[in-house]
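As structure tokens, the structure follows; a few thoughts come after it.
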Amino acid sequence: MSTSGPVPALADRATASADRLRAADRVLLASHIDADGLTSAAIATTALSRAGIPVETVFKKQLDPTEIASIAAREYETVLFTDFGSGQLDVISDHVAAGDFEAVVADHHQPSAPADCNADAVVDTDGYADFDYHCNPLLVGLDGASELSGAGAAYVLARALEPDDGDNRDLAALAVVGAVGDMQAVGGELVGANEGIVEEGIAADVLEEGTDLSLYGKQTRPLPKLLEYATEVPIPGISNDQAGATKFLEDLGLDLKRHGEWRTWADLSDDERQTVASALVQRAVTRGVPADKIQSLVGTTYTLTTEPTGTELRDASEFSTLLNATARYERADVGLAVCLGDRQAPLEQARKLLANHRRNLSEGLDLVKERGVTRSEQVQYFDAGTAIRETIVGIVAGMALGTDGVDSDRPIIAFADADGETKVSSRATGPLVGRGVDLSVVMREAAQAVGGDGGGHDIAAGATIPAGEEDAFVEAADDVVARQLD
Ligand code: C5P
Ligand code: C5P
Ligand code: C5P
Ligand code: ZN
């Protein structure tokens, strides 16, 4: 086995996939509508273009037999799937066997079960359906929820596609945005294969890794807003308290305004940051915030050094939220343009979409708080109906886990209306996964039991089921979770 490339275990698969793509006259690229899917697509299209291979890109909410048939109808000889495809390998391989297209898949989701596949070309790799051109961390013993994202898999492929060694390392920055967007950072830090990609980005001068305040909005939020909205670690008298946050800053005796406007964290000197951070920790200590929470106030941050200071694009976390704000609202074209470096109209438009996205997330969380969740034997769930968009209900569910009234030690399931069907999203925690919970299996089996289908990761997964089957779905999910915890 070759040991080259950023993820040696995937090198042979990446080489085979790259060779297959080079043999194509043109490629249709299909990718997923979130931050990871967008960055996957940006990485893959850039690498294909640099290799002189024409590419057209389409985005899909979720791959299902209908969507795959619509891709086949485009009559491209070669289709590259990024950030999805593994979970639908059964359907994709049928199309390949029928001669509809040749497929290459760079993904990190749980692959289909081999038993579901009819095509001869599908083989069994440790209980996962597998075929010739398949780059997925799970096939080589890496964790697809924390060690490599879809963008990471696309990056491995991009490095195998590059004309000269090292050319595509600049794309590591986008791979990090994808991984952070999929919440792959463990305790704030990227680990495993992701770490290798971070190192390549640093070597290519596109990325910096640092230790800093772990609050969201360091690049763009005025300081009082940064602190007021920082509710991941609630600090009494500051979080959710505009006047308190402002007074806390005023009392520090620093010059934190410029031309009458509050500065941002990104704009502070190292000394100023040190002063604010120490005072914040001090306040948390005196107000009795638990030590582990205080520790999580500081974490690893990933800075895109080629992006302008004070923009969303400079910080991997803010960049990924900006991208989610486009793709999850049917404007993947805007997010892709931003990823590809188009910084005028698309960036303006993305910022408008971001304001809307943040409002929706905040209203969604309020709704869960007001209505509460229902507890079944093993899980807790809520039905958002049409009140939360199906494309963001999973984000809201994840953010709700562990807030007041929502247990942090049982999986959460959310339902939302989706064009006459029901979208299901589910989220778990590290400890639950450690005890055996695998939501990708829960979603797939419970959905199939009621005439739908699903999949994803152990810690976060989703499904689509027929409307009206929600109660039966919860019952089936309870059974699977009980079996997993047994
Ligand atoms: O489709 P995809 O893989 O891109 O989506 C991953 C989803 O899983 C994201 O919405 C992310 O927030 C969620 N996730 C999570 N906790 C983790 C890892 C992923 O909620 N530890
Ligand atoms: O689930 P996914 O990875 O797509 O969600 C993006 C993440 O961005 C959220 O889970 C949350 O941690 C973060 N976020 C936030 N505040 C917001 C919006 C997003 O902290 N208002
Ligand atoms: O949509 P949501 O954010 O809840 O998705 C969580 C994870 O489950 C994502 O990685 C998504 O790609 C995956 N998923 C899936 N099949 C579905 C729905 C979601 O693999 N039908
Ligand atoms: Zn992904």
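Read the numbers this way: they start at 1 and go in the same order the structure lists the ligands and their atoms. The first residue of the sequence shown is numbered 1, and numbering continues consecutively from there. Since the structure is predicted, the reported quantities are computational estimates derived from the model, not experimental observations.
- The existence of a salt bridge linking Arg20 and Asp132 is excluded, since no basic side-chain nitrogen approaches an acidic carboxylate oxygen closer than 4.0 Å.
- Residue contacts with ligand 3: His109 is placed with a nitrogen or oxygen under 3.5 Å of a nitrogen or oxygen of the ligand (distance criterion only).
- Remark: minimum distance from atom 4 (O) of ligand 3 to any protein heavy atom is reached at Ser425 OG, 2.5 Å.
- By the criterion of a heavy-atom distance under 4.0 Å, the backbone of Ala463, and not its side chain, is placed next to ligand 3.
- A donor-acceptor contact shorter than 3.5 Å is absent between the side chain of Glu470 and the backbone of Phe415.
- Of the heavy atoms in Gln62, none comes closer than 4.0 Å to ligand 1.
- The shortest N or O to N or O distance between Met183 and ligand 1 is below 3.5 Å.
- Few gaps surround CG on Asp407; more than 12 heavy atoms of other groups in view lie less than 6.0 Å from it.
- Between the side chain of Thr301 and the backbone N or O of Thr211, no donor-acceptor pair lies under 3.5 Å.
- Contact between Gly87 and ligand 3 is absent, with no heavy atom of the residue lying under 4.0 Å from the ligand.
- For Asp34, every heavy-atom contact with ligand 1 shorter than 4.0 Å involves the side chain, none the backbone.
- Counted within 6.0 Å of CD on Glu56, heavy atoms from surrounding residues, nucleotides or ligands total more than 12; the atom is thus considered enclosed.
- Contact annotation: the side chain of Phe382 approaches that of Ile412 to within less than 4.5 Å [non-hydrogen atoms, C-beta and beyond].
- Proximity of Thr311 to Arg351: side-chain heavy atoms (C-beta onward) are separated by under 4.5 Å at one or more points.
- Under a 4.0 angstrom heavy-atom cut-off, Met443 registers as lying outside contact with ligand 3.
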Between Leu215 and Arg221, is the side chain to side chain contact (heavy atoms under 4.5 Å, CB included) condition met? List the steps.
CA-CA 10 Å; Leu215 307 183; Arg221 281 183 174 163; over 6 Å; no

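- A parallel orientation is assigned to the rings of Phe101 and His95, their planes being inclined by less than 30° (bins at 30° and 60°).
- Considering backbone and side-chain atoms together, Gly454 places no N or O closer than 3.5 Å to any N or O of ligand 3.
- Within 6.0 Å of atom CG in Asp126, 12 or fewer heavy atoms from other residues, nucleotides or ligands are found, so the atom counts as exposed in its surroundings.
- For ligand 3, one of its N or O atoms has an N or O atom of Gly456 under 3.5 Å away.
- Inter-residue side-chain proximity for Lys60 and Phe84 is flagged as met; some heavy-atom pair is nearer than 4.5 Å.
- Taking the six-membered ring for Trp and thresholds of 30 and 60 degrees, Tyr133 and Phe131 have ring planes more than 60 degrees apart, a perpendicular arrangement.
- Ligand 3 has His32 within reach: a non-hydrogen atom of the residue lies less than 4.0 Å from it.
- Counting the atoms of ligand 3 from 1 in the order shown, those under 4.0 Å from a heavy atom of His457 are 10 (O).
- For a distance threshold of 2.8 Å, the protein N, O or S atoms nearer than that to the Zn ion (ligand 4), listed by chain and number, are Asp36 OD2, Asp83 OD1, His108 NE2, Asp182 OD2.
- For the pair Met399 and ligand 1, no heavy-atom separation below 4.0 Å is found.
- Less than 4.0 angstrom separates some heavy atom of Asp83 from each of these atoms of ligand 1: 4 (O).
- The number of heavy-atom neighbours closer than 6.0 Å to CG of Asp419, taken from other residues, nucleotides and ligands shown, is 12 or below.
- Comment: Arg444 does not engage Asp116 in a salt bridge, judged by the lack of any side-chain N to carboxylate O separation of less than 4.0 angstrom.
- Close contacts of ligand 1 with His108, meaning ligand atoms under 4.0 Å from a residue heavy atom, involve 3 (O).
- Here the side chains of Asp34 and Asp83 are in contact, with some heavy-atom distance below 4.5 Å.
- Closest to atom 1 (O) of ligand 3, if we only count protein heavy atoms, is Lys423 NZ, 2.6 Å.
- Looking only at distances, a side-chain donor or acceptor of Gln88 sits under 3.5 Å from a matching main-chain atom of Gly85.
- Contacts of Gln184 with ligand 1, taken as heavy-atom pairs under 4.0 Å, are absent altogether.
- A donor-acceptor pair under 3.5 Å is absent between the side-chain atoms of Glu377 and the main chain of Glu475, judged by distance alone.
- Residue contact check: Arg328 has heavy atoms under 4.0 Å from atoms 10 (O) of ligand 1.
- At the top of the distance list for atom 18 (C) of ligand 3, counting protein heavy atoms only, stands Gly462 C, 3.2 Å.
- Taking 4.0 Å as the cut-off, Ile395 does not count as a neighbour of ligand 1 on heavy-atom distance.
- For ligand 3, one of its N or O atoms has an N or O atom of Arg427 under 3.5 Å away.
- On a distance-only criterion, Gly455 and ligand 3 share at least one N/O pair closer than 3.5 Å.
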